[in-house]
Amino acid sequence: SEGAKIAAKELQTYVEKISGAKLSIYSEADPKSREGRKILVGRSRLTDAIPGLKISEGITPALREEGYAIVCTGDTLVLAGNDATVPKNLVDSPSPHAWESIGTSMYFGTRYAVYDLLNRLGVRWFTPGEYGEVVPKSSTVQIQEMSVTETPDLPVRYHGAGGPDGMTEEREIWLIRNRMNPRSAEWYGFPADSSLFRYLPKDKVKDHPEWFAMLPDGTRSSGLNCMADELRRNDPKFAGQPRMLDEMMKTVEDSVKSGRRSSAFSPDDGMPTCECDLCRKVSVRFTGGMRPDEHGSYVPEYLTGNEWFFFVNGMLDATAKKHPGHIIATNGYANRYVPPEDIPGFNQHKNLTIMFADINSCTIHRYDDPKCWQNRQQYNLLKRWCKLTDKVWIYGYNYTMLVSKDTVTPMVKRIRSNIPMVKDSGCLGFSDLEFIDLSQLGIPTYVARAALEWNTKVNVDGVLDDFYSKWF
């Protein structure tokens with residue numbers, strides 16, 4: 001597989017760095033691959049012939065097949081895992097992934113197996129690039145007999161950051177070396193800001209103004225739909241007329257035809273509202289009215305989650321009817337982070353992905369901090385979302401993203417509590433927004449995070465002791 005070729009090259013590189021010896025690489029078709037002591041990297045006919053050896057494979061909607069095996073017995077060492085790939089054009093994502101360097105894998109199982117073995121030999125990658133690399137020196141490399149099978153606790157494990165192309169590529173390779181997965185959130189759908197725009201028939205504002213959101217001044221917005229427009233379907237005034245949902249489903253159908261497994265959309269970044277009477281009827285408006293911000297723009301003083309997810313539920317029903325198995329992904333963000341109330345049959349087809357991003361909440365304390373009511377509430381909201389759908393992942397913000405780029409804020413205490421609680425809630429994991437500068441949260445934060453997202457019961461103190469003794 002593509003992943004096995006990359007993994008074999010990595011193993012060759014680091015064994016040479018450790019010992020000076022350069023391993024030869026042969027394909028399974030080469031007769032030399034069957035001679036003497038051998039390291040089998042990736043699944044092949046040779047690994048399939050080993051009695052009792054099980055290597056995870058394939059990919060399903062649940063995204064739970066990720067994993068790898070390390071088996072050393074007799075004269076054979078097996079390093080193999082699930083290397084399922086996905087065509088680049090079928091992943092609906094805004095993320096700038098380095099396809100040339102990390103390949104088309106959705107899973108990186110064989111590479112994880114190689115990196116795990118190298119970790120056992122003392123190799124570490126504490127930061128991207130050679131700066132954070134630790135490689136011990138030894139004239140002999142010995143592997144004890146072992147049989148190890150590993151699977152992650154959280155299927156979605158990623159934190160992205162923009163930056164120069166070279167830094168982005170180094171970062172993603174570093175994440176994979178630490179058993180993170182840059183593509184996992186994309187499998188469930190990634191609703192980027194303003195992605196709703198490509199679903200909207202912007203040329204129909206004049207002919208069907210009621211399809212579009214009403215602004216406070218009574219005009220209509222071409223960038224946002226009326227979220228309660230489906231209530232007009234049975235209104236005699238609009239008898240026989242198509243509705244906004246019918247138009248938006250055309251884009252969903254295009255995604256289905258292209259082979260994509262999800263359709264993802266989100267309004268513009270900010271606080272979208274529709275001020276029409278129907279949306280007001282659906283809304284649970286905690287407080288009414290609008291207020292000007294410091295720039296003179298008007299922002300809502302109420303949540304619009306109920307009307308937004310009333311609309312989303314219509315999309316879920318229509319998609320399940322026409323395209324069973326296709327996923328609709330959107331976000332619980334800004335003024336839509338609270339789960340909906342009293343929407344009959346909400347997500348009854350189990351085809352909803354939620355990117356949960358409670359941007360209004362505290363970003364520094366842990367969920368179970370007795371002094372932080374915001375995070376206790378945020379965790380309750382997360383648990384409620386996970387009851388409404390089995391596809392929830394967190395789009396988190398670090399403290400420095402929202403407060404100051406000059407604030408050094410270590411997060412080890414927070415994440416060692418939060419990450420196990422996220423698993424307990426039923427959430428799939430994290431695909432967070434970060435800065436390229438790791439120093440703001442402190443490198444120990446990232447070291448602990450990678451370990452915890454793979455194994456929420458890991459000995460964090462042991463992980464940190466290893467970091468401080470080997471690199472710090």
Side-chain angles (χ1 to χ4, degrees), residues 63 66 151-161 175 178-182 184-185 188 331-334 337-339 353-404 407-435 438-467:
L63 206 69
E66 193 174 18
T151 58
D153 280 347
L154 298 175
V156 180
R157 308 179 308 282
Y158 181 59
H159 45 84
L175 290 171
N178 286 280
R179 298 187 299 185
M180 304 289 272
N181 188 331
S184 46
Y188 295 102
N331 54 10
Y333 167 71
Y337 68 94
V338 173
T353 290
I354 287 294
M355 181 182 86
F356 181 59
D358 186 0
I359 194 172
N360 299 304
S361 191
C362 172
T363 58
I364 196 168
H365 297 116
R366 62 188 194 273
Y367 287 141
D368 58 356
D369 190 321
K371 298 180 180 179
C372 186
W373 66 267
Q374 283 191 339
N375 268 322
R376 295 199 306 275
Q377 172 183 275
Q378 183 177 187
Y379 187 61
N380 286 332
L381 293 172
L382 176 64
K383 290 191 293 183
R384 176 59 181 160
W385 271 120
C386 291
K387 287 183 178 180
L388 293 175
T389 178
D390 59 354
K391 292 176 281 294
V392 179
W393 55 270
I394 295 172
Y395 186 71
Y397 301 87
N398 66 37
Y399 182 75
T400 57
M401 278 289 302
L402 302 177
V403 180
S404 168
T407 307
V408 177
T409 319
M411 288 290 176
V412 172
K413 184 177 180 180
R414 181 179 196 241
I415 64 172
R416 72 188 301 169
S417 176
N418 281 9
I419 292 176
M421 292 179 71
V422 165
K423 179 180 182 294
D424 291 343
S425 74
C427 181
L428 298 169
F430 304 83
S431 184
D432 288 353
L433 181 63
E434 298 273 3
F435 284 122
L438 304 182
S439 65
Q440 294 178 88
L441 298 188
I443 294 170
T445 298
Y446 296 95
V447 172
R449 175 175 182 167
L452 278 163
E453 291 190 16
W454 185 271
N455 176 10
T456 56
K457 296 181 180 179
V458 72
N459 179 351
V460 177
D461 291 331
V463 170
L464 295 176
D465 286 346
D466 178 75
F467 165 73

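Computed from heavy atoms alone, side chains included, the values below leave out hydrogens, waters and symmetry copies. Each residue takes its place number in the sequence, starting with 1.
- Using a 4.5 Å cut-off on side-chain heavy atoms (C-beta onward), His365 and Lys371 make no contact.
- Considering every non-hydrogen atom in both Lys391 and Leu428, the closest pair reads CA-CD1, 3.7 Å.
- Closest approach of Gly429 and Leu154 over heavy atoms only: CA-CD1, 4.1 Å.
- Pairs of residues two or more places apart, or lying in two chains, that qualify as salt bridge (Lys or Arg N to Asp or Glu O under 4.0 Å) and include a residue from residues 409-418 are Arg416-Asp461.
- Taking each heavy atom of Ser431 and Trp393 in turn, the nearest pair found is CB-CZ3, 3.5 Å.
- Residues satisfying the salt bridge (charged side-chain N to carboxylate O under 4.0 Å, His left out) test with Asp153, not counting sequence neighbours, are none.
- How far SG of Cys427 is from CG of Asp390: 11.5 Å, rounded to the nearest 0.5 Å.
- A side-chain donor from one of Gln378 and Asn375 sits under 3.5 Å from a side-chain acceptor of the other.
- Taking CG of Leu381 as the reference point, atom OG of Ser361 lies at 8.5 Å (rounded to 0.5 Å).
- With sequence neighbours excluded, no residue satisfies ring pair (Phe, Tyr, Trp, His ring centres under 6.0 Å) with Phe430.
- The nearest pair of heavy atoms linking Ile443 to Phe467 is CG2-CE1, 3.7 Å.
- Between Ala450 and Asn178 the shortest heavy-atom distance is CB-O, 3.7 Å.
- A distance of 9.0 Å separates CE of Met421 from CG of Leu382, quoted to the nearest 0.5 Å.
- Considering only heavy atoms from C-beta on, Ile359 stays 4.5 Å or farther from Tyr337 through its side chain.
- Shown here are the ring pair (Phe, Tyr, Trp, His ring centres under 6.0 Å) partners of Tyr333, two or more places apart in sequence or in another chain: there are none.
- Between the Asp432 side chain and the His159 main chain, no donor and acceptor come within less than 3.5 Å of each other.
- Here the CG-OH distance, from Asn331 to Tyr395, works out to 9.5 Å after rounding to the nearest 0.5 Å.
- In this structure, the side chain of Ser184 engages the main chain of Asn181 through a donor-acceptor pair within 3.5 Å.
- The backbone N or O of Ala451 lies less than 3.5 Å from no partner atom in the side chain of Arg179, so there is not a single donor-acceptor pair.
- To the nearest 0.5 Å, the span separating CE on Met411 from CZ on Arg449 amounts to 11.0 Å.
- Remark: Tyr367 pairs with no residue by the side-chain hydrogen bond (donor to acceptor under 3.5 Å, both in side chains) rule, at least two apart or across chains.
- Annotation: side chain to side chain donor-acceptor pair (under 3.5 Å) contacts involving residues 417-429, sequence neighbours excluded, comprise Asp368-Ser417.
- Taking OH from Tyr446 and CD1 from Ile415, the interatomic distance works out to 9.5 Å, rounded to the nearest 0.5 Å.
- Residues Arg366 and Pro370 approach most closely at NH2-CD, 4.0 Å, considering heavy atoms.
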